[in-house]
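Heads up: the structure comes next, in structure tokens.
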Amino acid sequence: MSRAPFACRCVLCHDYGDRDAADRADLGIIENVRRHGWHVVMVPEDEIGPGFAYTIGLSHTHGVPELALFGLDVHTMHRMLNALGDRAAAGAVPADGQEHEGIAEGRRVALRNVDLRWYRTFFGRAIRFYRRPPFPVLQVTWPDAQGRFHGEEGAGDEHRESQPQLWLPPDEHPAGVWTVEL
């Protein structure tokens, strides 16, 4: 399967003259991308809202979209993103509309394109690594116990609120925990 074209503008491909100014987190991301091909940023749940996690480096290393996951335990999301990253490293190109079985705990997941207007809200470290959007990002969504995804009819309110709908422009997203700071 061919990789999507992506002109990488990351800090590994280009010297922006500020490598000495990288903080400890940026250096850790760079080291993980060099060593493993990608890094997973984990943002734990807090009083503001549910946790989320996302990859940095899949586009640089494998020419595929970065992946973002919301609303589960950060360690579970880390394992799920690594499982999808391993599939990408083995040649599977993640794309909008795909479903993947058995990613973690038997969960089926679906992939959706992320609207560029969400990047600054959720993917600050990735912007620092790639230096500017656009770099491709797919949201990894997971279903409720009845197999319904949070954007589908019949999904309960709690499940709908556990994950944002980042394929929607921010001004069209239902009001809730994911839009509080917008």
Side-chain angles (χ1 to χ4, degrees), residues 4 25-26 28-29 38-59 64-85 87-88 94-182:
D26 289 333
I29 290 166
W38 66 89
H39 174 85
V40 176
V41 173
M42 296 186 296
V43 179
E45 177 179 7
D46 60 18
E47 64 281 349
I48 296 171
F52 64 98
Y54 62 94
T55 64
I56 299 174
L58 286 174
S59 293
V64 301
E66 300 300 338
L67 303 168
L69 190 54
F70 297 80
L72 298 169
D73 170 75
V74 291
H75 301 290
T76 299
M77 291 186 288
H78 189 217
R79 285 189 300 274
M80 293 170 74
L81 292 172
N82 278 339
L84 287 165
R87 289 181 183 192
D96 184 51
Q98 285 181 348
E99 289 193 11
H100 294 264
E101 295 286 338
I103 295 302
E105 301 171 5
R107 292 184 190 270
R108 168 179 65 113
V109 297
L111 306 180
R112 301 288 303 262
N113 282 328
V114 173
D115 185 286
L116 182 65
R117 290 165 279 196
W118 290 105
Y119 283 33
R120 293 208 185 281
T121 303
F122 293 110
F123 311 126
R125 286 285 174 184
I127 291 170
R128 286 173 62 123
F129 182 81
Y130 288 110
R131 289 303 163 116
R132 61 180 165 253
F135 47 88
V137 179
L138 292 169
Q139 182 178 351
V140 180
T141 65
W142 47 276
D144 64 13
Q146 289 73 41
R148 294 180 297 249
F149 288 95
H150 66 291
E152 294 179 344
E153 187 159 330
D157 288 341
E158 185 175 320
H159 186 64
R160 284 185 190 280
E161 294 172 7
S162 66
Q163 305 168 72
Q165 297 177 41
L166 299 187
W167 55 91
L168 297 174
D171 60 351
E172 294 179 22
H173 193 283
V177 67
W178 301 108
T179 59
V180 170
E181 293 189 23
L182 298 178

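Position 1 is the first residue of the sequence, and the numbers go up from there.
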Hey, does [Y] have a side-chain heavy atom less than 4.5 Å from the side chain of [X]?
| X | Y | result |
| --- | --- | --- |
| Y54 | F123 | yes |
| T76 | R79 | yes |
| W38 | L67 | no |
| F122 | Q139 | no |
| W118 | P170 | yes |
| T141 | V109 | no |
| P65 | P94 | yes |

Quiz prompt | Distance (rounded to the nearest 0.5 Å) between H173 NE2 and D115 CG | solution =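 Between atom NE2 of H173 and atom CG of D115 there are 11.0 Å.
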
Which heavy atom of [X] sits nearest a heavy atom of [Y], and at what distance?
| X | Y | value |
| --- | --- | --- |
| R125 | V41 | CB-CG2, 4.3 Å |
| P174 | Q165 | CG-NE2, 4.0 Å |
| V74 | P44 | CG1-CA, 3.5 Å |
| A155 | R148 | N-NE, 3.6 Å |
| F129 | G57 | CE2-CA, 4.4 Å |
| L138 | D96 | CD2-N, 3.7 Å |

Exercise. Go through the structure and list residues passing salt bridge (Lys or Arg N to Asp or Glu O under 4.0 Å) with E152, not counting sequence neighbours.
Key: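 So E152 forms no salt bridge (Lys or Arg N to Asp or Glu O under 4.0 Å) with any residue.
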
Self-check item: Sequence-distant partners of R160, salt bridge (Lys or Arg N to Asp or Glu O under 4.0 Å), two or more places apart
Solution: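 Partners of R160 under the salt bridge (Lys or Arg N to Asp or Glu O under 4.0 Å) test: none.
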
Counting only N and O atoms by type, is there a donor-acceptor contact under 3.5 Å from the side chain of [X] to the main-chain atoms of [Y]?
| X | Y | result |
| --- | --- | --- |
| H150 | P164 | yes |
| R108 | P143 | no |
| T55 | V40 | no |
| Q163 | W142 | yes |
| Q98 | A95 | yes |

Quiz item: Around Q146, counting heavy atoms of other residues, nucleotides and ligands shown, do more than 12 lie under 6.0 Å from its CD?
Solution: yes

Quiz item: Name the one of L69, L58, I103 that satisfies side-chain contact (heavy atoms from CB on, under 4.5 Å) with L81?
Solution: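 It is L69, the one option of L69, L58, I103 that forms the side-chain contact (heavy atoms from CB on, under 4.5 Å) with L81.
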
Quiz item: Should the pair Y119 and F135 be assigned to parallel (<30°), tilted (30 to 60°) or perpendicular (>60°) ring geometry?
Solution: tilted

